[in-house]
Enquirer: 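Got a structure for you, written out below as structure tokens; questions coming shortly.
Please read all numbers here as calculations on a predicted model, not as lab measurements.
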Amino acid sequence: MLTEKLSHEKVLRDPIHKFIHIQDRVILDLINTTEFQRLRRVQQLGITSAVFHGAEHSRFGHSVGAYEIARRITEHFDQYYASVRADDGLWHPEERLVTLSAALLHDIGHGAFSHTFEHLFGTDHEAMTQAIITGDTEIHAVLASVSPDFPNKVASVIAKTYHNQQVVQLISSQLDVDRMDYLLRDAYFTGTKYGEFDIDRILRTMKPTPNGIGFDISGMHAVEDYVVSRYQMYLQVYFHPVSRGMEVLLEHLLRRAQELYLAETSKYSATFGPLLAPLFSGEQLSTADYLRLDDHVFMAYIGMWRNHPDKILSDLSRRFLDRRPLKSIVIDDKTAPLLEELEQLVAFTGYNPIYYTARNDAYDLPYDDYKPNVAKPRTQIEFILGDGTHRELSDLSPLVAAIKGQASLDQRFFFPKDMLSIEPEDLFAETFKKFRSYIHNDALTTPNPES
């Protein structure tokens, strides 16, 4: 069984946690696998660096960061909350290694450009994570060296079916190691302050409970700050309209490339190559083919497509590489019926609206309590009072109560920036003027017939 400790602790320097402490042979071996090293070539925030230029950090850094938080928690639990009998609801130290492995591997299945790739090609990073853990991979071999059933245990944590809810909630809940690391890491690399919170206080007040994870009441304000920080990061960073304008370009150019591949494979085969062929074919993508794709592979192809004979693919690739995102305006359900008229105006100026316009909705629910009747009920954040009773976070915090269950929704219509031109000598000056008449304060509105 590969469960021994390293003779000397290894550390990775990290800007968020200062050091990532590696004490177990299995963790070091997992980090050194081909599949885990691939995460160095998948950016954590996709193409957000087009807006926040420091956001070049990778899924690798985030994954070892989530592991480090899990290591700190399990060490704290081992010391202060170790179970003394089977039914006491405390922490079982033998759960340590499966927790650390799941934290380290929770993002191993992310594709190139993360969620853009997932949305376009219909992949599921959590399903792929489980396939990598249980399939014919170096990661599976390392996990199986612990015990034959260990890969399945780790995969079940990712699937949220593992028997111990303490482990599941540490990896996936409304306050888990994943979210704590990415908020702090993304805030640091984007140069923003919205995602900062007192993680040390939160970890010190975290406790195992019979039903999962709870928090001592003394940590309430630190947890409250975490929830508000997450809310702000989504509004100010993750929902940023320019990032989404770049994502729309990326999605459209990849869709165009796939259409060309399917339409005339022989004519364009040299510009797509063997790495993209399994993806563009539309067939079920194997785990091995999936793992060959990363941000660097796609950027190399997009660089080639800059001079592609297809004018649409070439233009979209140039816009993406040269950071010329589509512009956007805010829409809502009331004004959405006007989009067809705007698409017609865009088409009149020579742009194919299929590739140069898009409706894009950014959605997040910052916090909610447990609702058993919804499709995906959330594990609520609970506090343990002095008498041992539990209270849900929004019952104690008026601030969190104000945003509980309130979805953050930013609906936008994207289009070429040229449509906002005010130059009178432009060939389509009248069309541009009519297009602008639909916009007031960067939002779609019904035009004033007298304007």
Side-chain angles (χ1 to χ4, degrees), residues 41-59 62 107 109-125 182 185-186 189-190 192 233-259 276 279-280 293-303 305-306 312-331 336 339 342-343 346 351-364 408-419 442 444:
R41 304 186 299 277
V42 178
Q43 288 192 7
Q44 172 70 14
L45 289 182
I47 54 178
T48 301
S49 59
V51 178
F52 301 94
H53 64 266
E56 300 278 357
H57 54 304
S58 69
R59 292 274 170 186
H62 164 58
D107 269 356
H110 262 291
F113 299 118
S114 296
H115 298 291
T116 302
F117 180 96
E118 199 164 352
H119 176 257
L120 181 60
F121 296 107
T123 58
D124 181 337
H125 73 272
Y182 78 60
R185 194 169 299 275
D186 294 351
F189 283 103
T190 57
T192 60
M233 279 292 285
Y234 271 84
L235 294 181
Q236 302 294 333
V237 175
Y238 305 139
F239 286 3
H240 199 288
V242 177
S243 292
R244 289 159 60 194
M246 291 293 291
E247 288 174 3
V248 169
L249 277 179
L250 176 63
E251 185 175 329
H252 285 190
L253 76 86
L254 290 177
R255 180 180 291 120
R256 180 63 173 177
Q258 183 179 32
E259 289 171 353
L276 297 188
L279 176 69
F280 284 169
L293 301 174
D294 55 47
D295 292 7
H296 294 189
V297 168
F298 278 96
M299 290 301 293
Y301 279 109
I302 294 170
W305 297 337
R306 177 193 284 270
I312 292 177
L313 180 58
S314 173
D315 182 60
L316 292 174
S317 298
R318 289 170 187 248
R319 287 171 181 264
F320 180 75
L321 293 171
D322 297 341
R323 196 194 177 276
R324 290 189 284 135
L326 298 177
K327 291 289 289 184
S328 68
I329 53 176
V330 176
I331 62 174
L339 294 182
L342 294 188
E343 290 171 352
V346 170
Y351 290 108
N352 186 330
I354 294 175
Y355 302 105
Y356 290 91
T357 67
R359 172 175 175 166
N360 181 278
D361 298 345
Y363 173 89
D364 180 61
S408 300
L409 177 63
D410 187 51
Q411 301 172 284
R412 289 182 174 270
F413 174 68
F414 288 83
F415 55 88
K417 184 178 180 180
D418 308 9
M419 300 302 299
D442 292 324
L444 180 57

Enquirer: With rounding to the nearest 0.5 Å, note down the distance linking CG in L316 to CD in E251.
Expert: 11.5 Å
Enquirer: Ignoring hydrogens and angles, tell me if any N or O in the side chain of D295 forms a donor-acceptor pair with the backbone of F113 under 3.5 Å.
Expert: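 Yes, D295 side chain to F113 backbone: donor-acceptor pair under 3.5 Å.
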Enquirer: How far does CZ of F280 sit from CG of L276, to the nearest 0.5 angstrom?
Expert: 5.0 Å
Enquirer: Can a donor-acceptor pair be found, under 3.5 Å and without considering hydrogens, that links the side chain of D294 to the backbone of H296?
Expert: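 Checking the backbone N and O of H296 against the side chain of D294, a donor-acceptor pair under 3.5 Å is found.
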Enquirer: Output yes when E259 and R255 qualify as a salt bridge under the 4.0 Å nitrogen-oxygen rule, no when they do not.
Expert: no
Enquirer: Would you say L444 and L339 make side-chain contact, with heavy atoms under 4.5 Å?
Expert: yes
Enquirer: Walk me through it: do Y355 and D315 pass the test side chain to side chain donor-acceptor pair (under 3.5 Å)?
Expert: CA-CA 10 Å; Y355 302 105; D315 182 60; over 6 Å; no
Enquirer: Is F298 close to L254 at the side-chain level, that is, under 4.5 Å between some pair of heavy atoms?
Expert: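 With C-beta onward as the side chain, the pair touches.
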Enquirer: Is there a side-chain contact between Q411 and D361 in this structure, where contact means two heavy atoms from C-beta onward sitting under 4.5 Å apart?
Expert: yes
Enquirer: Let me check something: any side-chain donor-acceptor pairs from residues 239-246 under 3.5 Å, sequence neighbours excluded? List them with distances.
Expert:
residue : atom : partner : partner atom : Å
H240    : ND1  : V242    : N            : 3.2
R244    : NE   : N360    : OD1          : 2.8
R244    : NH1  : F239    : O            : 3.1
R244    : NH1  : D410    : OD2          : 2.5
R244    : NH2  : N360    : O            : 3.0
R244    : NH2  : N360    : OD1          : 3.1
R244    : NH2  : D410    : O            : 2.9

Enquirer: Would H57 and D186 count as a side chain to side chain donor-acceptor pair (under 3.5 Å) here? Give the steps.
Expert: CA-CA 8 Å; H57 54 304; D186 294 351; 2.7 Å; yes
Enquirer: Could you tell me which non-hydrogen atom of T190 sits nearest to which non-hydrogen atom of A55, and how far apart they are?
Expert: CG2-CB, 3.9 Å
Enquirer: Can you find a heavy atom in the side chain of F415 that is under 4.5 Å from one in the side chain of L342?
Expert: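 They are not in contact (no side-chain heavy atoms under 4.5 Å apart), so the answer is no.
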Enquirer: Does the plane of the ring in Y238 sit parallel, tilted or perpendicular to the ring in Y234? Use 30° and 60° as the thresholds.
Expert: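 Geometry flag for Y234 against Y238: perpendicular rings.
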Enquirer: Using every non-hydrogen atom in the two residues, find where Y356 and R319 come nearest and quote the distance to one decimal.
Expert: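 Here Y356 and R319 meet closest at CE2-NE, 3.8 Å.
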Enquirer: Please round to the nearest 0.5 Å and tell me the distance separating atom CE of M299 and atom CG of L250.
Expert: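 Nearest 0.5 Å value for the CE-CG distance: 9.0 Å.
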Enquirer: Nearest 0.5 angstrom please: W305 CH2 to R256 CZ, how far?
Expert: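 Taking CH2 in W305 and CZ in R256, the distance rounds to 12.0 Å.
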Enquirer: Atom CZ of F121 and atom CG of L293: how far apart are they, to the nearest 0.5 Å?
Expert: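 If I round to the nearest 0.5 Å, the distance is 8.5 Å.
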